[in-house]
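The block underneath contains the structure these notes are about, expressed in structure tokens.
Ligands are counted one by one from 1 in listed order, and the atoms in each one are counted from 1 as well.
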Amino acid sequence: DMGLTYIFITHDLSVVKYFSDDIAVMYLGQMVEKAPSDLLFKNPIHPYTKALLSAIPLPVVDKDKPKRQLIKGEITSPVNLPDECRFGKRCDYVQECCKKGNPQLREIEPNHFVACSCV
Ligand code: SF4
């Protein structure tokens, strides 16, 4: 309405949800998922997005808390990026196909883009 655009950068996706029309998730300088906010929260696809969403603090008692998806492994050096998926060393779903180049964003449903070889 005001001809105005904000780019808001944070690690706290719970804030982003209420602030943004669209969310782009980045890992090591690359956009790995992009979708309208509601769609991203309803149907996260990239393993890094899922881990970020699972890290959102929830005001619920322990027995009702969903299990957190912890990210393990070493962060790839940003000055020596691999020719394969940049998240591959930390991804629980890595497969042989993940080593065939760094996946680029592709539309997997209307307005929902993901950079993962396995979806
Ligand atoms: S391409 Fe493979 S390693 Fe990369 S995010 Fe997808 S499943 Fe994980």
For this session: Quick one: closest heavy-atom pair of Asp22 and Pro36, and the distance?
Result: OD1-CA, 3.5 Å
Going by atom type alone, with no hydrogens or angles, which donor-acceptor pairs under 3.5 Å involve a side-chain atom of residues 82-101 and a protein atom two or more places apart or on another chain?
unit_1, atom_1, unit_2, atom_2, d
Arg86, NH1, Leu28, O, 2.9
Arg90, NE, Lys72, O, 3.4
Arg90, NH1, Tyr27, OH, 3.3

Problem set entry | Cut-off under 2.8 Å, centre atom 2 (Fe) of ligand 1, protein N/O/S atoms | Cys98 SG
Seminar exercise, completed: So NE2 of His112 and NZ of Lys34: to nearest 0.5 Å the spacing works out to 10.0 Å
Exercise. What is the distance from atom CD1 of Ile108 to atom CG of Leu105, rounded to the nearest 0.5 Å?
Worked result: 10.5 Å
Exercise. Which atoms from ligand 1 have a heavy atom of His46 less than 4.0 Å away?
Worked result: 5 (S)
Problem set entry | Closest contact, heavy atoms only, Cys116 versus His46 | CB-CD2, 4.1 Å
Exercise. Can you check whether Ala115's main-chain N or O pairs, donor with acceptor, with Gln30's side chain at less than 3.5 Å?
Worked result: no
